[in-house]
Every structure is written in C-alpha cells, then in structure tokens.
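The structure appears below as structure tokens.
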Amino acid sequence: MKVLYVKNEALWMPGIIFALNKMGHEILVYPESMEKFEDNEELQRQFEIVLKRENVDFVLTIWFSKEVARVTNRIGLKYATWCVDSPAFHAWVPEAEYDNCYLFYLDYQEYELKKKVGQSNAYYLPMAADIIWSGQLVITDDDIKQYTCNMSFVGGMYTDNLYDRSIGMFPVDMQNAFTEIIEQSAFVWDNQDRLHISQELVETVRRECPQIFPSFDVSDEYYLQRYLLGRKLTQVERTLLMDLMAQQYDIHLYTRDKDIVSENVRRFPAINLLETTPKVYYSSKINLNITLRSIASGIPARVFDVMSVGGFMLSNWQAEIPELFVEDQEIVTYKTPEELIDKANYYLKHEDKRIRISVNGYRKVKEQHTYEHRLDKIISILYPTP
C-alpha cells in the first residue's frame, strides 16, 4: 500500500510512520500540516495535485480535516482518520459523512453514538503502544536518578477551561445547578453517567449564553456534558488528587499549566513527549492516570504509553479496561480516592508484585496493542479481503 500521511501541528505521532514502514507499506508525509489547509484554496489545490501525481491508495490523519475530506472525495480517494481525542468534535461536520471517509474512534461509547446518529463509516479503534519508538530509547542511570519518584503524573490540569471562563455569565440558579452536577460526579469512576443535564437547563444555557456553543453540528446537551462540564470536572479531580497524593508520597507533576498547585506537589514544566516522557514513565515507581472526563469509556493514550516502556500503571477505572487488560495482573485500577490511596500504599511496599504487573502490561501491549495492530485493522476495513 502507498499511504500519504498528513500530520497535525500539535500531535503527529511519528510512530505511525515507523509502523507502516515496518509493515512493508510505502509512506509519504505531506510537508504541510492539515491546519494550514483551512480557508486556503491554493494549498488544497496543490494537495490534490500531489495526490493525483503520487497515486496513493489512501490518506491518513489523526484528526479529521474537512478540507482533506473534500479533496479526497472530489477525486474518489479513500480517507481514514484515527480520532485520537474524545470527543472528536472536529468530526461533527457534514464532510465526515462522505462515502470515502472512514473514521475510527478511541472511545466505544462515542463510536456507538456516531453509529446511532447515522454515521455508517464509524469504527471503534482503541489507542495503542508505540513499541517501535520505545524500543529505540536509551535510558541512562542519570535519567533514572533524575526522574525516579514514588509517583508521577504527566498531563494537563485544565485550569484554563470554558466553564471557568463562562461561569460569571450564568445566573446564580444555573451556577448552582452546575455545581451540584460536578459535586455528584467527582471522584467516582464506575461508568455511571452523572453528567446528566436536564433539557430545561440546556435550554436556559442556550438562551442566556449562546456564545459558548460551537459552530459544528453537535447537540447542545452533548457539548455541555463532554466539553463544558467534562473539562471542569477533570480540573477539579486532577487538582485535588494531586494535593491528596502529595500529602503522602513524593509525587512529580509534569504539566504545561501555569497555575500554582499545592505546595506539596513537586511541579515541573511540560516535557518532550517523545524524548523525556518515556524516561519519566520508566523511572516512576507508580504512573498515575486520571482520565479526562470527556472520554466516556475509552482508555487514554497515557496508559499505553506507560506500558510501552514497562512502567507500572495505576489508573482510574474505565469501562474498556477489562476488555483490553487483565486487572491486577497487567494494570491496576481505582474507583475512588480511598481505593487509590490503598493501592498506592500496597504496591509501593510490594516491589516484586509491582514489577510483575509492569512486565505483564508490557507483554500485553507488545503482543496485542501496537500501532501495527491498529493500522492493520484500518487497512483491513478500507480494503477487506474477499
């Protein structure tokens, strides 16, 4: 197969290129990022010329681009998108319904929703481990000395979120309603949807604050649940859990957010995802995952990234974890802060069991959840065997 890969400026996952090459496919990387295609007809025209000249089999991105969809649809070329964020709001556009477009969602509940609203070309595809890249890393004794800690968390704190930017515009009764929803939803991970917003409240928000809604075609309720409340809830949980963990453990937080966290938390600037983050994952005794609440049932990339270097993963429970991993043998989960503390204490005291789970987790992702496995699934759907 000859594949043209159009990268995303913020995240372009070079492991996809390595995996396709290892699988024996020819991979071309387009020199311009997909964001530059927006409202630029000249770049779109040049893109079409390249596609025709190179005679590729399909185009691949990790973020849906309506401009790429239009060009590929116009010339009858297949276009696959692995939506590596959830919800994939960028895919709530008419172009995602084109027959030539295939969209793969990391979250099963989002996939089901897409099928329910009539997107026949929607598929489920979890995240994966970049085993090829991790296998090339060199982690020195100095690296281990620098990054070793009892527990680490690498990720955004979502201190800059739409909820906090908008709350001042809401009437007091609306603020109280949202506060109650957040309080009922926080710190419980059991797959129960507590972010339910009444139709009356949705209509009130639309009437009082229409400016907070996006232009893409997603329901008001879904947007308020997954974006407005989901990100605020994530900020609350991550901030307070960092403080809770720091009272007992040497915890390192690596984040791009500038806001001050608890003085007990050892805060570090954001680190290079490809070079430094794997060293943190390998060196930390416990790698903590607190899933972004907009991901309803899926497993974030962080979990696979930790496992790809043999790190120990302690994650909040997500509905899809038991489908992909054996709990307490390949990954350890918690459903409440109390359970998080109990399990952190236990595995910090039992290094042998912690190492055994780390090794089992690495073996599982290497054998079943690599980029090659996911790309093979994409290709088999685009070009099914007769």
Side-chain angles (χ1 to χ4, degrees), residues 15 19 82 84 86 104-112 123-135 150-155 187-192 241 245 277-278 280-293 295-377:
W82 188 7
V84 298
S86 181
F104 298 82
Y105 297 94
L106 74 88
D107 185 281
Y108 192 83
Q109 287 190 22
E110 184 175 12
Y111 152 73
E112 285 190 314
Y123 301 90
Y124 168 60
L125 192 71
M127 295 303 298
D130 191 352
I131 294 296
I132 298 176
W133 178 260
S134 63
N150 285 337
M151 184 182 294
S152 70
F153 178 75
V154 181
F187 306 109
V188 181
W189 295 271
D190 58 4
N191 201 38
Q192 299 299 313
L241 282 180
M245 294 296 101
T277 301
V280 171
Y281 290 156
Y282 179 84
S283 304
S284 302
K285 294 180 181 179
I286 291 177
N287 291 280
L288 183 62
N289 176 52
I290 310 167
T291 303
L292 174 63
R293 279 290 189 165
I295 302 176
S297 64
I299 305 174
R302 181 185 298 105
V303 171
F304 295 91
D305 292 342
V306 168
M307 291 183 169
S308 73
V309 295
F312 179 86
M313 184 77 257
L314 178 56
S315 172
N316 67 280
W317 190 84
Q318 290 284 103
E320 293 173 39
I321 286 179
E323 302 297 323
L324 274 65
F325 300 107
V326 180
E327 295 183 72
D328 298 324
Q329 294 184 31
E330 299 163 346
I331 187 173
V332 177
T333 63
Y334 61 91
K335 292 184 177 180
T336 64
E338 293 78 14
E339 191 174 12
L340 167 58
I341 293 173
D342 288 345
K343 292 191 174 182
N345 284 333
Y346 180 83
Y347 284 104
L348 284 173
K349 293 177 182 177
H350 295 84
E351 183 179 22
D352 57 334
K353 295 182 180 180
R354 194 176 71 239
I355 292 175
R356 186 180 305 119
I357 289 172
S358 301
V359 171
N360 289 342
Y362 172 78
R363 182 182 296 117
K364 171 58 74 70
V365 296
K366 184 177 181 180
E367 293 176 353
Q368 297 185 23
H369 304 302
T370 66
Y371 279 15
E372 294 99 306
H373 290 108
R374 304 298 189 249
L375 291 164
D376 186 63
K377 175 72 175 295

Lys364: what forms a salt bridge (charged side-chain N to carboxylate O under 4.0 Å, His left out) with it, not counting sequence neighbours? Glu330
Please answer whether the main-chain N or O of Phe312 pairs with a side-chain N or O of Asn287 as donor and acceptor at a distance below 3.5 Å. yes
For Glu339, check salt bridge (charged side-chain N to carboxylate O under 4.0 Å, His left out) against everything at least two apart and list the hits. Lys343
Flag if over 12 foreign heavy atoms under 6.0 Å of CZ, Phe104: yes
Does CD belonging to Glu351 count more than 12 external heavy atoms closer than 6.0 Å? no
Should the pair Tyr346 and His350 be assigned to parallel (<30°), tilted (30 to 60°) or perpendicular (>60°) ring geometry? parallel
Can you name the side-chain hydrogen bond (donor to acceptor under 3.5 Å, both in side chains) partners of Asp190, sequence neighbours left out? Arg194
Quick one: does His373's side chain have a donor or acceptor within less than 3.5 Å of a partner on Val365's backbone? no
Tell me which one of Leu314, Ile357, Asp342 satisfies side-chain contact (heavy atoms from CB on, under 4.5 Å) with Tyr347. Ile357
Would you mind writing out the side-chain donor-acceptor pairs for residues 295-305 within the sub-3.5 Å range, not counting sequence neighbours?
from   : atom 1 : to     : atom 2 : distance (Å)
Ser297 : OG     : Asp107 : OD1    : 3.4
Ser297 : OG     : Gln109 : N      : 3.3
Ser297 : OG     : Glu320 : OE2    : 2.6
Arg302 : NE     : Val154 : O      : 2.9
Arg302 : NH1    : Asn289 : OD1    : 2.6
Arg302 : NH2    : Val154 : O      : 3.2

Under the rule for side-chain hydrogen bond (donor to acceptor under 3.5 Å, both in side chains), what residues qualify as partners of Asn345, not counting sequence neighbours? Tyr249
Relative to the ring of Trp82, is the ring of Tyr371 parallel (under 30°), tilted (30 to 60°) or perpendicular (over 60°)? perpendicular
Side-chain donor or acceptor of Ser358 paired with backbone N/O of Arg354 under 3.5 Å: yes
Audit row: Asp130, Ser308, side chain to side chain donor-acceptor pair (under 3.5 Å) steps and yes/no: CA-CA 6 Å; Asp130 191 352; Ser308 73; over 6 Å; no
Taking ring-ring contact (aromatic ring centres under 6.0 Å, His included) as the definition, give me every residue that meets it alongside Tyr281, ordered by chain and number, with sequence neighbours left out. none
Do Trp317 and Ile331 have side chains that get closer than 4.5 Å, going by heavy atoms? no
